[in-house]
Amino acid sequence: MAVDIKLPTVLRTHADGQASIAVEGATIGDVFADLVERYPGLKANLIGDDGGLHKFVNVYVNDDDIRYLQQLDTKLADGDVISILPAVAGGAI
Amino acid sequence: MSAPTPTLRLTAHQHAVIVGHCYDGLPDEACGLLLGPMRDGEPTGVVTEARPCTNVDRSARTYTVAPHDLLRAMRAAEATEGVEIIGVWHSHTHTAAYPSPTDVRQAVDPAWIYPIVSLRDGIPSLRAYRIVDGEITELPVELIR
């Protein structure tokens, strides 16, 4: 499947400044493997120590959060748009 | 590399949107995203939109921007050439408008501007910062017409 991955500004420095990258894969796990092979600097931001999705990143396929789908096993269709979003958080303490 | 220090330029309307959303969020912290132009990977300080977001923590002490609000903001930014998400604001309901250790530790993007609105003293106080590698730099804030 040919899909597009949208990167937030903070991760673009690891991908030659690109905001959008065309990748191939049948699942999120597949396309992430393709992505980190091409841009190894992204790996620590996407994949946690346990091999699953990093806890400080949210990944959407079109309008759906993959945590509520099949996580890295979420299947993709041609033309899907994958958005990678950092967790944006803080507070007074 | 020294941290660049753009001036955050807010219209009176944007300032009112930000502060109003902070009051609407009480007793919890409120948060929202700033959109604006970036040049060479740095915000110019101009804000094209202040977008109130949901604090999914529903907490007086912490905030997390609802991921779906972030997704919508990212798409809104994409729709205009040269515009990006350039920062996130949040309220401190009972403390000063200064980044907490949590704010510093969780600062997501060194290019972003981090306005903080303190509601502690009756009159809201909005101040803005860069947070780069744990180092806090206050930015000038200008209200424009």
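Predicted, not measured: the structure shown is a model, and the values here were computed from it. Throughout, a chain's letter reflects where its sequence line sits, starting with A, and its residues are numbered from 1.
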Quick one: do [X] and [Y] end up in the same hydrophobic cluster if we chain Ile, Leu, Val, Met, Phe, Trp and Tyr together by side-chain heavy atoms under 4.5 Å apart?
X	Y	value
B:Val132	A:Leu11	no
A:Leu7	B:Met38	no
A:Val57	A:Val3	yes
B:Leu71	A:Val59	no
A:Val10	B:Leu34	no

Interchain contact, B:Val108 with chain A, by part (heavy-atom threshold 4.5 Å): both
Compile a table of inter-chain donor-acceptor pairs under 3.5 Å between chain B and chain A, counting both main-chain and side-chain atoms.
{"from": "B:Glu29", "atom 1": "OE2", "to": "A:Ala92", "atom 2": "N", "distance (Å)": "2.9"}
{"from": "B:Arg61", "atom 1": "O", "to": "A:Ala92", "atom 2": "N", "distance (Å)": "2.8"}
{"from": "B:Tyr63", "atom 1": "N", "to": "A:Gly90", "atom 2": "O", "distance (Å)": "2.8"}
{"from": "B:Tyr63", "atom 1": "O", "to": "A:Gly90", "atom 2": "N", "distance (Å)": "3.0"}
{"from": "B:Val65", "atom 1": "N", "to": "A:Val88", "atom 2": "O", "distance (Å)": "2.8"}
{"from": "B:His68", "atom 1": "N", "to": "A:Tyr60", "atom 2": "OH", "distance (Å)": "3.2"}
{"from": "B:Arg75", "atom 1": "NH1", "to": "A:Asp63", "atom 2": "OD1", "distance (Å)": "2.6"}
{"from": "B:Arg75", "atom 1": "NH2", "to": "A:Asn62", "atom 2": "O", "distance (Å)": "2.8"}
{"from": "B:Arg75", "atom 1": "NH2", "to": "A:Asp63", "atom 2": "OD1", "distance (Å)": "3.3"}
{"from": "B:Glu84", "atom 1": "OE1", "to": "A:Arg12", "atom 2": "NH1", "distance (Å)": "3.4"}
{"from": "B:Glu84", "atom 1": "OE1", "to": "A:Arg12", "atom 2": "NH2", "distance (Å)": "3.3"}
{"from": "B:Glu84", "atom 1": "OE2", "to": "A:Arg12", "atom 2": "NH1", "distance (Å)": "2.8"}
{"from": "B:Ser100", "atom 1": "OG", "to": "A:Gly91", "atom 2": "O", "distance (Å)": "2.3"}
{"from": "B:Ser100", "atom 1": "OG", "to": "A:Ile93", "atom 2": "O", "distance (Å)": "3.2"}
{"from": "B:Thr102", "atom 1": "N", "to": "A:Ile93", "atom 2": "O", "distance (Å)": "3.4"}
{"from": "B:Thr102", "atom 1": "OG1", "to": "A:Ile93", "atom 2": "O", "distance (Å)": "2.3"}
{"from": "B:Asp103", "atom 1": "OD1", "to": "A:Gly91", "atom 2": "N", "distance (Å)": "2.7"}
{"from": "B:Asp109", "atom 1": "OD2", "to": "A:Thr9", "atom 2": "OG1", "distance (Å)": "2.7"}
{"from": "B:Asp109", "atom 1": "OD2", "to": "A:Val10", "atom 2": "N", "distance (Å)": "3.3"}

Below 4.5 Å, heavy atoms only, C-beta onward: do B:Leu70 and A:Pro86 meet side chain to side chain?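 In short, these two side chains touch, coming nearer than 4.5 Å.
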